[in-house]
Every structure is written in C-alpha cells, then in structure tokens.
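Atom set for the values below is all heavy atoms of this structure, side chains included, hydrogens, waters and symmetry mates excluded. Sequential numbering from 1 along the given sequence is applied to the chain's residues. Whatever order the structure lists ligands and atoms in, that order sets their numbers, starting from 1.
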Amino acid sequence: MSNQPFTFTLPFPGYKPSHFDHHIVRRLSDLQGQFFNQQAYDAMLSREDTVLYEVYEVKRPEIEGELLSGISIVHPGKVGDEFFMTKGHFHTVLDTAELYYCLNGEGFMVMETPEGDTAIEALAPGKVLYVPPRWAHRSVCTSRQEDLITFFIYPGNAGHNYGTIEEKGFRKLVLEQDGAIAFVDNPNFKEDK
Ligand code: 6PG
Ligand code: NI
C-alpha cells in the first residue's frame, strides 16, 4: 500500500467513492436474530434475501496513526415495523471514536456503551456525528424512498466487535408505530447475567 498522499471523490448522486478497496453487501440473512419480529423476518427472508446495506471502504494499514474511511449506504425498508439497519458494533479497541458525515437521506444512529448508557442521534444531509470512544453504533434508515448515505472515518487500529451485539442486541430499537418513528426498548435485549 503506497504511502503517497491521495485524493478520491464522492460524486453526487450516490456518492460511491471514485477509489475504494472493499465493497461489502449485507443482506437480510446477515442480520439473523437482530430484528425483533422474528416471524416478519422469516416471512421476508423466505421471499427474498434482500440487500439491506452496502459499505465501500477505503483501506489503509489497520494500525494506530492511520485512518480508515468510506461510505455506508442503508437502503429504505422495514422488517415488520422495524426499519432497515446495519449490524452495529463496538470497536474491538473500545477506546476509539468515529466521525460520520451524512450525505443523503434520513435516519438515526443508535448508540450505547457497555455500561448501558444509550443515545440516538438524528442523521440528515450536512449533519456530522461524533461517536465517542466506547459507544457501539448502528445506522438506521427511516426514509421511505431515499438511501441513508454517510461518510465515515475511524482509527486504523479500531477493529470491529460484532459478537457482543449479535449476542445481546441493542437496548433501543427504531420502529414505525401509527405512521410515526418510535424509539422503543428492545424486548429481546439480553442483560449480562
Ligand atoms: C466502521 C464504521 C462503519 C460501519 C458501517 C457498516 O467501524 O467501520 O462504523 O464503516 O462498519 O456503517 O456497519 P456494520 O459494520 O455495523 O455492519
Ligand atoms: Ni464503527
């Protein structure tokens, strides 16, 4: 990997980076057990393994001092009443932060700490979100027709811990109730024993 300075563009519309090293496609089957309405999930998956979101990553050495960046595109849709979302994760190196810049669409970042603090921040074009160290984060697209597109930057050595979220879930869910967006406690959240 060259150590020469480089530029890339995020062309409108779509904002797919002009240079990227990795394209991740996450489907319904990749979020097994993460949506609270399992019946709705199974029915949807039996029809189609829908693409929920995609990530274009600009890779650098995964070491302290380097920065990793890219684009996250969460597509519009719902599983039952629950909006399409990313898997969500803590960083393996817990004390690493992240910046998100929203380019398109509307949605929320659902966040929590290992100690149980929770926060939900709205995302809309032009908004910059600072995710401090120790906060797990999950992007949720609440638009009916627009992709939620964010540009993210995080430390090279951060890593991704998906296991904790896969095992316990997030404490808060983002649902559509009576035509409005509602933040509700996750009935399936698994507290530490
Ligand atoms: C990261 C970022 C971000 C994230 C995507 C997809 O740490 O890499 O938070 O790029 O990976 O938004 O979300 P998931 O990693 O939770 O699938
Ligand atoms: Ni992250």
Exercise. Can Asn104 and Glu146 be said to form a side chain to side chain donor-acceptor pair (under 3.5 Å), step by step?
Worked result: CA-CA 8 Å; Asn104 190 74; Glu146 292 275 336; 3.0 Å; yes
Exercise. Which value, rounded to 10°, describes the NE2(His91)-the Ni ion (ligand 2)-OE1(Glu98) angle?
Worked result: 80°
For this session: Could you tell me whether the side chain of Glu82 and the main chain of Phe36 form a donor-acceptor pair under 3.5 Å?
Result: yes
Exercise. Does Lys190 come within less than 4.0 Å of Glu167, counting only side-chain N to carboxylate O?
Worked result: no
For this session: For this output row, return yes or no: ring centroids of Tyr56 and His22 closer than 6.0 angstrom.
Result: no
Exercise. Does a side-chain N-to-carboxylate-O contact under 4.0 Å join Glu54 and Arg27?
Worked result: no
Exercise. Can you check side chain to side chain donor-acceptor pair (under 3.5 Å) on His89 and His137, steps first, answer last?
Worked result: CA-CA 6 Å; His89 58 270; His137 36 286; 3.0 Å; yes
Seminar exercise, completed: So the angle subtended at the Ni ion (ligand 2) by His137 atom NE2 and His89 atom NE2, rounded to 10 degrees, is 90°
Exercise. Of the options Lys87, Gln32, Gln34, which is the one that meets Glu166 in a side-chain hydrogen bond (donor to acceptor under 3.5 Å, both in side chains)?
Worked result: Lys87
Tabulating one pair per line, provide the atom names and distances (0.1 Å) for every N/O atom of ligand 1 that is less than 3.5 Å from a protein N/O atom.
{"residue": "ligand 1", "atom": "7 (O)", "partner": "His89", "partner atom": "NE2", "Å": "2.9"}
{"residue": "ligand 1", "atom": "7 (O)", "partner": "His91", "partner atom": "NE2", "Å": "3.1"}
{"residue": "ligand 1", "atom": "7 (O)", "partner": "Glu98", "partner atom": "OE1", "Å": "3.2"}
{"residue": "ligand 1", "atom": "7 (O)", "partner": "His160", "partner atom": "NE2", "Å": "3.0"}
{"residue": "ligand 1", "atom": "8 (O)", "partner": "Tyr154", "partner atom": "OH", "Å": "3.2"}
{"residue": "ligand 1", "atom": "8 (O)", "partner": "His160", "partner atom": "NE2", "Å": "2.7"}
{"residue": "ligand 1", "atom": "9 (O)", "partner": "His89", "partner atom": "NE2", "Å": "3.1"}
{"residue": "ligand 1", "atom": "9 (O)", "partner": "Glu98", "partner atom": "OE1", "Å": "3.0"}
{"residue": "ligand 1", "atom": "9 (O)", "partner": "Glu98", "partner atom": "OE2", "Å": "2.8"}
{"residue": "ligand 1", "atom": "9 (O)", "partner": "Tyr100", "partner atom": "OH", "Å": "2.7"}
{"residue": "ligand 1", "atom": "9 (O)", "partner": "His137", "partner atom": "NE2", "Å": "3.2"}
{"residue": "ligand 1", "atom": "12 (O)", "partner": "Ser72", "partner atom": "OG", "Å": "3.2"}
{"residue": "ligand 1", "atom": "15 (O)", "partner": "His89", "partner atom": "ND1", "Å": "3.2"}
{"residue": "ligand 1", "atom": "15 (O)", "partner": "Tyr162", "partner atom": "OH", "Å": "2.5"}
{"residue": "ligand 1", "atom": "16 (O)", "partner": "Gly88", "partner atom": "N", "Å": "2.8"}
{"residue": "ligand 1", "atom": "16 (O)", "partner": "His89", "partner atom": "ND1", "Å": "2.9"}
{"residue": "ligand 1", "atom": "17 (O)", "partner": "Tyr53", "partner atom": "OH", "Å": "2.5"}

